Amino acid sequence: MSIEVSFYPQDIAFAEEGAIIFGITQDKKRILILDRLYVPYFLLPRENLLKLRDACRENNLQIAHTQYEGELTRVFVKPKDFVEVARTAKKISSKLYNSDIPLKKRYWVDKKVNPSTLCKVRGEVYSQMKYRADVAVNAEHIESANVAYQPSILAFDIETASEQAYPDAKKDPIIMIAFYSENTKRVITWKRFPSANPENVKFVDSEAALIEEFVQTIKDNRPELLVGYGSDNFDLPYLATRAKKYNIKLNSGWDDSEIEIDARKPAKITGLPSIDISYFARRILDLDTNNYGLDLVAKKLLGKGKLGKLGAAKINEIWSVGLDEELKFLSDYNLTDAQLTFEVANKILPVQLELSKLTGLALRDINYITYGALVEWFIIKNATILIPQKPSPAEIYARRKKSYVGGLVVEPRPGLYNDICCFDFRSLYPSIIASHNISPETINCLCCQFRGGYRAENSKVWFCSKKPGLMPALVKDLVERRKRINEILKQTPSNDASFAELMARQHALKYIAAAFYGYMGYPGSRFYSYECASGVTELGRKYIGLVIREAEKFGFKVLYGDTDSLFAETQGADAEKFLAIINSILPPPMELEFRAKYKSGLFLERKTGSGGAKKRYALLTEGGSLILRGLEAIRGDWSNLAKKGQTEILQILLEENDIEKAEKHLHSLISKIEKRDVKIEDLVINVKLTRPLETYQAQGPHVVAAKIARDKGQAVGRGFAVRYIVVAGGDKVSSRVKLAEDASIEDYDPEYYVNQQLLRATYKIFELFGYSLEKLKAGQTTLEGYGN
DNA sequence: TATCCCTACGATGTCG
DNA sequence: CGACATCGTAGG
């Protein structure tokens, strides 16, 4: 029987016969689609074809057919032999295209089907036994129906007991599992408590029953997306270990296969996309947070966080003591985590779907993607040229050695200024790529050897000015589309139904456009080009330099500039006129914009050496809010005490220009520290380990503190956030650190917190007003000693 | 499946 | 003591 069905793709696998697509029909039936017709290809130089044929014959590998294309031959191979034939070809030919792209990913691009929309399949119904599907179709034709995809999400989260500081899957049981979806809001647990809301809490008799209930819930719920936060590294491996103990199979796959769990890889369920959204949050979202835990990420994205702070020890205590009220709280806490995971997933889903559309990758692949791969797949999907192979490790190594110069940073003029304006380029690097036709295949073209061509001043390289290159075409497309969307957005109220989607689209385009230049300079790139990447930055330096010189000529007093922006004292100059003139000079789509006006601003001097300190300044907006850049106050590795003090003093100066008031405030803070009138939390210094503990050469304070934590039995590895305070004692700071969790208010060293924290964060501000560090300290004694 | 680029500051340890 | 290396975090 021949049928035509619409479906949402869920997963793809490859078998002997061809591609197998797992889908959900609009009425929520499971459909299995067999695509025997998909025959991927690669290309190699024509002269290597005979050798390849011989090698294939020897190894019993089948080439479906071939096709000449100029110097190259397009070799078509069925999926079952593709990887082997491509590997064989690699041994024969150093030049090879489109050969090392995973089939699971390129399938959608090759078929020109978007995996995140409704699709249509036509074909014969057939019967199969392997998978639990409602219908199976032998496809004759597949296409996108271009109807947006809204997968139904099931989020989950587990809680465990923990005898020690951290749960150990070998010993400590799972005590609760929460699920959250549109119509399921449930906590499952195996300790009964009376005040449980029967609508939300389901009691089972044991941990084993709890795990069985986990599997059953997924089977019953039939979600189209299973979502966890940190689930690939914690929840699922933990579940796997516990399930093994009871001989329970986590067989949620369409073929009753178990969830594939390997702590190093994302968990995989046949047929059902499963994602750990912490990966996307960390790798793609630019959240301006140094911690990507669920609590902070939810706060950033949703404006609300976890129900409270429950450490492993507290959870263990609640469970072992078993008070009704506390168990109730724990189950609410667990459910809230699942709910936050659900809501965060829903929040980022629109962006993920847009990225899926732009790259041709399935949602699950998008969730785990890195910036490099994002750009790469955008290019692959839209490429009009051949796709080079990934560079070899040796090649990557060689590329890594060759660095190039980046953006121009102009030394600031230290001081406090009023009436400042800021100009910056709209998407500087993308617009340079577009305006100067920067692309690997436009370098040193013969047609522009003597006339034309875009050149950077000090470069022997030129880029063709006649034939548009691939990268500029793609970037132009991204930039123009984004500009159009932003124009529509300006006229769309934020509560409008289309607002979130437009925003997501705009963000998705931005992510890709912004990483384009970096991708060309990335050693692991298929389209790596030193000339392109260095050409982009060189032209960037040229244009910001030009704009700064012109601004000066125009009457602005330029105070500072960094890569694509400049800050200047207005001094009555006409910003509109200036922009008009500059933009008539700049090659489109390059464009200078007016970013903002500031009431006042302060640029600091360097602490070591002389001159203005780059990347460190404070501004006060017209609306009265304080903007800080690079300063201690916005760094994670300074105590709150110093950060707050610095912020308050800058506020006083920028708002009131009252140095004496600022000084008084500083001294009141100092005396508070000396009197121990502070909170421990405000003394804590927070540093993250960026490598395994044993690999450190220098024994800095955070390394010593981390070792203390490790000796206490904590899991201290890469990424561990060390929290310590400094106590009195020997001369090296590292010899007097104490873990924050063990510290009390008598422990800290006031001298360190005054001199190395508060004063270090503020004295450079006071120096701008004629104070010296000595005078600041002396002012304190005068105050205290009255008259001396 | 490895993680887009370079520029910059500053704290602290290490070594001669 | 000073020069330099190591390390983390930030800006764009």
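Reminder, nothing fancy here: chain letters follow the sequence lines and each chain counts from 1. Here the structure is a predicted model, which means the values were calculated and not measured.
- No engagement by A/Phe720 is indicated, since no non-hydrogen atom pair under 4.0 Å with the nucleic acid exists.
- Checked by atom type, the side-chain pair A/Asn367/A/Gln352 shows a donor-acceptor distance below 3.5 Å.
- Two end axes, each from the C1' atoms of five base pairs, can be drawn for the helix from B/dC5-C/dG12 to B/dG16-C/dC1; they diverge by 10°, to 10 degrees.
- Contact annotation for A/Thr537: no contact, since no heavy-atom pair falls under 4.0 Å across all strands.
- Within 4.0 Å (heavy atoms only), A/Pro701 reaches sugar-phosphate atoms of the nucleic acid but no base atom.
- Residue contacts for A/Tyr617: at a heavy-atom cut-off of 4.0 Å it reaches the sugar-phosphate backbone alone, with no base atom in range.
- Looking at the side chain of A/Tyr404, the nearest of the listed nucleotides B/dC4, B/dG13, B/dC6 is B/dC6.
- Listed nucleotides B/dT3, B/dT12, C/dT9 differ in distance to A/Asp637; the shortest reach to its side chain belongs to C/dT9.
- Judged by closest nucleotide on DNA chain B, A/Arg718 is the one of A/Arg718 and A/Gly700 placed further toward the 5' end.
- Within 4.0 Å of A/Arg616, counting heavy atoms only, lie sugar-phosphate atoms of the nucleic acid but no base atom.
- Under a 4.0 Å N-O distance rule, the pair A/Arg399/A/Glu395 qualifies as a salt bridge.
- When heavy atoms are screened at a 4.0 angstrom cut-off, A/Tyr429 is found touching no nucleic acid atom at all.
- In this model, no donor atom of one side chain and acceptor atom of the other lie less than 3.5 Å apart for A/Ser435 and A/Ser431.
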